[in-house]
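Following: one structure in structure tokens, then a few remarks.
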Amino acid sequence: MSLTYPPIMRREGFETFVSALPAVTLVRQWRDDSVAKVGGKIFALLDRDPGEVWCKVSDMSFDLLTELPGIRPAPYFARAGWVAISVDAPLGAEDVEAYVVEAHRLVAAKLSKKLRQQLGLDLSPL
């Protein structure tokens, strides 16, 4: 059986998608994983190509998602509320993309106000 991977679960699609989000930097680290950062903080990564998308989620999403087949607590990152989403998960590509966008928002919100402003993420007046 041949699995069809959504674009976000392949390196080119993942990197293209996350690069379109504000103030994102991409690096390749560990086993050549594609790692997406905002303000120097990781919010999502692609573990292998093709592979799993790992991302930060809310506490409630963590509890709900890890009950689904094909989604597990992300190794090394689970204590910080990260999940690893495989192609076997009952989520469509749009759902995975929405979780990555939310991961970006969650991590960006934890950055200092000054850094958010420097990155153009916090447009509220001083």
Side-chain angles (χ1 to χ4, degrees):
M1 177 176 116
S2 172
L3 293 175
T4 303
Y5 285 83
I8 193 157
M9 293 183 153
R10 300 198 69 101
R11 186 184 307 270
E12 183 179 346
F14 177 85
E15 291 183 354
T16 298
F17 183 80
V18 296
S19 293
L21 298 172
V24 168
T25 56
L26 267 168
V27 296
R28 301 243 175 108
Q29 57 189 83
W30 302 306
R31 296 180 314 253
D32 198 36
D33 295 343
S34 295
V35 179
K37 299 181 180 187
V38 59
K41 304 287 184 185
I42 302 171
F43 68 91
L45 66 86
L46 179 69
D47 183 46
R48 298 196 168 85
D49 179 23
E52 293 179 321
V53 171
W54 295 14
C55 61
K56 168 91 173 133
V57 294
S58 69
D59 292 342
M60 183 170 52
S61 292
F62 183 89
D63 292 341
L64 295 171
L65 289 170
T66 55
E67 294 293 319
L68 298 174
I71 303 176
R72 62 191 175 116
Y76 313 107
F77 290 75
R79 66 178 175 75
W82 282 59
V83 295
I85 304 168
S86 79
V87 70
D88 297 323
L91 302 178
E94 301 81 22
D95 299 318
V96 177
E97 290 170 356
Y99 280 110
V100 169
V101 169
E102 177 64 2
H104 178 273
R105 188 196 68 75
L106 288 168
V107 172
K110 296 273 188 185
L111 300 174
S112 71
K113 182 173 183 158
K114 181 178 179 181
L115 183 53
R116 287 194 313 268
Q117 287 176 331
Q118 288 172 347
L119 295 172
L121 297 171
D122 188 0
L123 303 177
S124 62
L126 296 172

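Numbering starts at 1 and runs along the sequence shown.
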Would a hydrophobic clustering, with Ile, Leu, Val, Met, Phe, Trp and Tyr connected at side-chain separations under 4.5 Å, put [X] with [Y]?
X: V96; Y: V35; result: no
X: V18; Y: L119; result: yes
X: V57; Y: L21; result: yes
X: V38; Y: L26; result: yes
X: M60; Y: L68; result: no

Is a side-chain donor or acceptor of [X] paired with a backbone partner of [Y] at a separation under 3.5 angstrom?
X: H104; Y: P22; result: yes
X: R116; Y: L111; result: yes
X: D95; Y: G92; result: yes

Might you point out which heavy atoms bring [X] and [Y] nearest each other, and give the distance in Å?
X: V87; Y: P6; answer: CG2-CD, 4.0 Å
X: Y99; Y: S61; answer: CE2-OG, 3.9 Å
X: L46; Y: I8; answer: CD1-O, 4.0 Å
X: F62; Y: V83; answer: CD1-CG1, 3.7 Å
X: Y5; Y: G51; answer: CE2-N, 4.1 Å
X: S58; Y: L106; answer: N-CD1, 3.7 Å

Within-4.5 Å side-chain heavy-atom neighbours: C55 and E102
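Not touching, per the 4.5 Å side-chain cut-off.
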Can you tell me how far the [atom1] atom of [X] sits from the [atom2] atom of [Y], to the nearest 0.5 Å?
X: K41; Y: T25; atom1: NZ; atom2: OG1; answer: 12.0 Å
X: M9; Y: F14; atom1: CE; atom2: CZ; answer: 10.5 Å
X: E52; Y: I85; atom1: CD; atom2: CD1; answer: 9.0 Å
X: L121; Y: L115; atom1: CG; atom2: CG; answer: 7.5 Å
X: D32; Y: R48; atom1: CG; atom2: CZ; answer: 11.0 Å
X: K110; Y: S112; atom1: NZ; atom2: OG; answer: 13.5 Å

Full working for side-chain contact (heavy atoms from CB on, under 4.5 Å) between W30 and D47
CA-CA 9 Å; W30 302 306; D47 183 46; over 6 Å; no
According to the interplanar angle, ranging from 0 to 90°, do the rings of F77 and W82 count as parallel (below 30°), tilted (30 to 60°) or perpendicular (above 60°)?
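Taking W82 first and then F77, their aromatic rings sit tilted (interplane angle of 30° to 60°).
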Test side chain to side chain donor-acceptor pair (under 3.5 Å) applied to S34 and E12, R11, Q29, the passing residue
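Among E12, R11, Q29, the one that satisfies the side chain to side chain donor-acceptor pair (under 3.5 Å) with S34 is R11.
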Pair I42, W54 - check side-chain contact (heavy atoms from CB on, under 4.5 Å), show working.
CA-CA 10 Å; I42 302 171; W54 295 14; over 6 Å; no
